[in-house]
Amino acid sequence: MLVLMRLMRWIAPAFVLFAAPLAGAGIAFAGLGQPSPWQLGFQQSAAPTMDDIVGFHNFVLWIIVAITIFVMVLLGIIIVKFNARANPTPSRTTHNTLLEVLWTIVPVAILVVIAIPSFRILFVQLNTPPSDVTIKATGKQWYWSYAYPDHGNFEFDSYMLKGDEFAKAKAKDPNTPRLLAVDNDIVVPVNKVIRMHITADAIGVIHAFAVPSFGIKIDAIPGRLNETWFKATREGVYYGQCSELCGKDHAFMPIAVRVVSDQAFATWIEEQKKKFSRNDSAPATAVAAVPAPAKAD
Ligand SMILES: [Cu+2]
């Protein structure tokens, strides 16, 4: 018992030291849409999918805590009760059928309890509900291009702000984060389902499109179209990064999503149509007229 008490004397302050800041972390440290200094845990959620992920994370954390405490208590009992001094002649028991059945079935049951909500969230992430806006994001070396095929079919590039450009943006809005702010944000309406089509430049490399506050992360692969979706429930600017090691400027191709009201979105769409308009009906190069094939009759 003395050993256990000595152990507790060490464990109690350690617990206060590490667990107390963790308990407050949810509110104190997690930024909305961007990381914050001394952040622990996720960035704040701004989408139903991310709410699910955060809930699932906390659920699994409680299971882990319970298992850890259970194993620690067992270890404590063994150290105290069965050390050479307290228990000089050990028992020669080798099998216990009930115990063996239990320590097989209980972990399986725990895994099933974890798997069910985990699969549910995976299905939610991969089944896009009827969408209001489609955006195609193309990972390039090393920036993103975005197209709005069902809202004017314009396309634009989005580069990270550097040097003077960043200084100017920071002077305008002190919340502008370094290495995350870009020249052209993706703009989406609030509370609408946004379908994201993700791919990468055909001659390029694999990237990954990720925005933590929306709980989305999906690979951008040359020659392949991946799909995910999100519904932002709060207005604001949400930042993400390329999340696949893609080359020399991997760290410098951030993603910025500005969530605005329906009206502001409509206005923005009209502006962009003028700014980035493209004409898909015209061929890229002039082609000589080909005579129609003669009918064989
Ligand atoms: Cu990348």
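First listed ligand is number 1; within each ligand, the first listed atom is number 1.
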Worksheet item: Can you list every pair that meets side-chain hydrogen bond (donor to acceptor under 3.5 Å, both in side chains) and has a residue in residues 133-145, with sequence neighbours left out?
Response: T134-D150, K140-S145, S145-D157
Discussion item. Please check if the number of heavy atoms outside I203 that lie under 6.0 Å from its CD1 is greater than 12.
Written reply: no
Worksheet item: Pairs in or reaching into residues 221-245: which pass side-chain hydrogen bond (donor to acceptor under 3.5 Å, both in side chains), with residues at least two apart or in two chains?
Response: T128-E227, R195-E227, H197-E227, R224-N226
Discussion item. Once side-chain hydrogen bond (donor to acceptor under 3.5 Å, both in side chains) is applied, what residue pairs with a partner in residues 258-269 remain, sequence neighbours excluded?
Written reply: D185-R258, K192-D262
Practice prompt. For the Cu ion (ligand 1), state how many protein N, O or S atoms fall inside a distance shorter than 2.8 Å.
Written response: 4
Worksheet item: Do M50 and F42 come close enough that some side-chain heavy atom pair is under 4.5 Å?
Response: yes
Worksheet entry | Residues E270 and K273 bridged, charged N to O under 4.0 Å | yes
